[in-house]
Amino acid sequence: MSSATSTADTGRFEQAMSHVHAGGYALELRDLRKRFGKTEIIRGVDLAVRPGERVAIIGPNGAGKSTLFNLISGRFEPSSGEVILNGTRIDGKKPFEINRLGLSRSFQITNIFPKLSVFENLRCGVLWSLGYKYTLFRFLAGMDDANERAEELMKMIRLDKKHDTLAMNLTYAEQRALEIGITIAGGANVILLDEPTAGMSKSETSRFIDLIREVTVGKTLLTVEHDMGVVFGLADKIAVVVYGEVIAFDTPEAVRANPKVQEAYLGSVLADEQAGFK
Ligand SMILES: Nc1ncnc2c1ncn2[C@@H]1O[C@H](COP(=O)(O)OP(=O)(O)OP(=O)(O)O)[C@@H](O)[C@H]1O
């Protein structure tokens with residue numbers, strides 16, 4: 001494991017282990033398959049992610065990365081195979097059930113309430129995570145905790161100076177930070193982020209990678225990402241998806257050096273980046 005073994009990271013992994021059943025993975029995919037009509041889009045994916053690992057999923061357009069996220073988060077039901085979250089099978093469960101079992105996915109900016117303030121957006125995220133199972137009495141009793149948690153989240157995502165600013169008046173990068181705040185509000189230990197830095201400038205992107213790293217300490221992170229700078233700056237491990245299969249799952253160094261990956265994907269992407277494309 002690469003940067004995962006540094007001293008600072010040791011605590012990160014220990015913290016993450018506390019959420020997890022004995023000896024288990026935070027997330028496991030076993031022979032996962034998805035067909036749309038006659039076409040098999042996800043073709044037998046196996047993946048085992050350890051608690052606290054940050055995994056980037058990369059691959060060519062149409063390879064099946066978003067479909068994989070949709071299968072993990074419960075938006076799509078697999079045609080066959082298993083998805084196991086913290087030791088519990090979640091394939092076939094509804095997205096909100098999966099969320100309550102500890103997995104949270106960013107839903108892009110549409111998840112934000114534009115006419116609510118930063119604080120109110122975060123508080124909604126916290127309260128939603130308390131869920132319907134709470135009676136009104138317990139819900140109201142939880143308000144103080146929710147306020148406190150929302151304040152804490154606001155500092156974490158560095159928007160505490162924007163407490164009362166309506167979400168629609170934030171900059172694009174601030175909105176993406178708010179979206180991450182809402183995603184982690186419920187305390188899920190497995191976080192899925194879909195292209196978290198899409199549309200950001202280079203300097204915003206590097207600040208945002210730092211922010212993601214900070215707010216996901218002790219959590220397991222999966223991102224779908226096209227920007228190789230983000231991938232190599234953030235990930236402990238990279239899963240390369242090509243034509244519905246994971247052709248490599250390893251450290252960034254090993255993936256970069258893997259001839260199969262070079263041939264199928266990375267060679268052309270890195271060449272494009274060096275030539276000034278993205
Ligand atoms: N609901 C659906 N019905 C039919 N086909 C679908 C559906 N969702 C995705 N597909 C097909 O599955 C394939 C994989 O799509 P997916 O969006 O998962 O790829 P991706 O790797 O995320 O691509 P990109 O990097 O361009 O976002 C594509 O051929 C797509 O057309």
Side-chain angles (χ1 to χ4, degrees), residues 27-47 49 54-83 85 90-96 98 103-111 172 176 179-180 183 190-200 205 208-209 212 221-235 237-250 252 255-256 258 260-273 275 277-278:
L27 184 71
E28 229 183 319
L29 311 181
R30 292 189 190 154
D31 195 21
L32 197 63
R33 292 171 188 273
K34 179 67 183 174
R35 292 180 166 280
F36 291 114
K38 286 189 179 151
T39 318
E40 195 170 49
I41 297 294
I42 298 297
R43 304 186 308 140
V45 165
D46 291 293
L47 199 72
V49 182
R54 298 191 184 110
V55 175
I57 300 174
I58 66 171
N61 291 340
K65 304 179 295 295
S66 300
T67 305
L68 215 45
F69 256 33
N70 286 329
L71 290 170
I72 297 169
S73 61
R75 190 155 166 213
F76 293 161
E77 202 171 326
S79 305
S80 65
E82 297 180 7
V83 182
L85 174 71
I90 58 165
D91 44 277
K93 290 193 189 296
K94 301 265 184 297
F96 76 90
I98 294 173
L103 183 141
S104 184
R105 177 184 178 174
S106 68
F107 287 95
Q108 313 293 344
I109 266 157
T110 48
N111 201 32
Y172 177 73
R176 305 283 331 222
E179 171 204 325
I180 296 212
T183 307
V190 177
I191 305 291
L192 268 51
L193 301 178
D194 207 339
E195 294 197 58
T197 65
M200 286 187 192
T205 295
F208 210 63
I209 295 175
I212 293 172
L221 176 71
L222 271 79
T223 59
V224 166
E225 193 50 77
H226 285 282
D227 183 324
M228 289 303 126
V230 177
V231 170
F232 286 99
L234 189 63
K237 278 180 136 182
I238 298 176
V240 186
V241 179
V242 176
Y243 192 37
E245 288 179 306
V246 173
I247 63 160
F249 180 49
D250 215 326
V255 163
R256 202 195 272 269
N258 183 324
K260 216 161 110 189
V261 177
Q262 287 283 345
E263 191 187 332
Y265 177 58
L266 218 45
S268 60
V269 171
L270 293 177
D272 281 356
E273 286 196 346
F277 303 113
K278 209 149 162 223

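Atoms within each ligand, like the ligands themselves, are counted from 1 in listed order.
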Item to complete: Return yes when at least one protein heavy atom is under 4.0 Å from atom 21 (O) of ligand 1, and no when none is.
Response: yes
Worksheet, complete the sentence: Exactly one candidate in S79, S80, P78 meets side-chain contact (heavy atoms from CB on, under 4.5 Å) with R35; the answer is S79
Discussion item. Distance under 4.0 Å to a non-hydrogen atom of K65: what atoms of ligand 1 satisfy this?
Written reply: 18 (O), 19 (O), 20 (P), 21 (O), 22 (O), 23 (O), 24 (P), 25 (O)
Worksheet item: Taking only heavy atoms of I41, which atoms of ligand 1 are found under 4.0 Å from at least one of them?
Response: 11 (C), 12 (O), 13 (C), 14 (C)
Worksheet entry | Proximal ligand 1 atoms for P60, defined as those under 4.0 Å from one of its heavy atoms | 21 (O)
Worksheet item: Taking all non-hydrogen atoms of both residues, which atom of A63 and which atom of V242 are closest, and how far apart?
Response: CB-CA, 4.2 Å
Worksheet item: Given the protein's heavy atoms, is any one of them under 4.0 Å from atom 30 (C) of ligand 1?
Response: no
Practice prompt. Could you tell me whether the side chain of D91 and the main chain of V83 form a donor-acceptor pair under 3.5 Å?
Written response: yes
Item to complete: Report the C-alpha separation of K260 and E263 in whole Å, then their side-chain angles, then the decisive distance to 0.1 Å, and conclude whether the salt bridge (Lys or Arg N to Asp or Glu O under 4.0 Å) test is met.
Response: CA-CA 5 Å; K260 216 161 110 189; E263 191 187 332; over 6 Å; no
Discussion item. With respect to G62, determine whether any N or O atom, backbone or side chain, lies less than 3.5 Å from an N or O atom of ligand 1.
Written reply: yes
Practice prompt. Verify, without hydrogens or angle tests, whether K34 (side chain) and E77 (backbone) share a donor-acceptor contact under 3.5 angstrom.
Written response: yes
Worksheet item: Looking only at atom types and distance, does a side-chain atom of K65 sit under 3.5 Å from a main-chain N or O of V241, one as donor and one as acceptor?
Response: no
Worksheet item: To which protein heavy atom is atom 2 (C) of ligand 1 closest, and what is the distance rounded to 0.1 Å?
Response: F36 CE2, 3.5 Å
Worksheet item: What is the closest protein heavy atom to atom 27 (O) of ligand 1, and at what distance does it sit?
Response: S66 OG, 3.9 Å
Practice prompt. Report, in ascending order of atom number, the atoms of ligand 1 lying under 4.0 Å from any heavy atom of G64.
Written response: 14 (C), 16 (P), 18 (O), 19 (O), 20 (P), 21 (O)
Fill in: Distance, nearest 0.5 Å, that separates CD of E225 from CD1 of I209
8.0 Å
Worksheet item: For ligand 1, which atoms have a heavy atom of H226 less than 4.0 angstrom away?
Response: 25 (O)
Worksheet item: If hydrogens are left out, which of N70, I57, D194, T67 has an atom nearest to atom 16 (P) of ligand 1, that is, the closest non-hydrogen atom?
Response: T67
Practice prompt. Report yes if F76 has an N/O atom closer than 3.5 Å to an N/O atom of ligand 1; otherwise report no.
Written response: no
Worksheet item: Do R33 and L71 come close enough that some side-chain heavy atom pair is under 4.5 Å?
Response: no
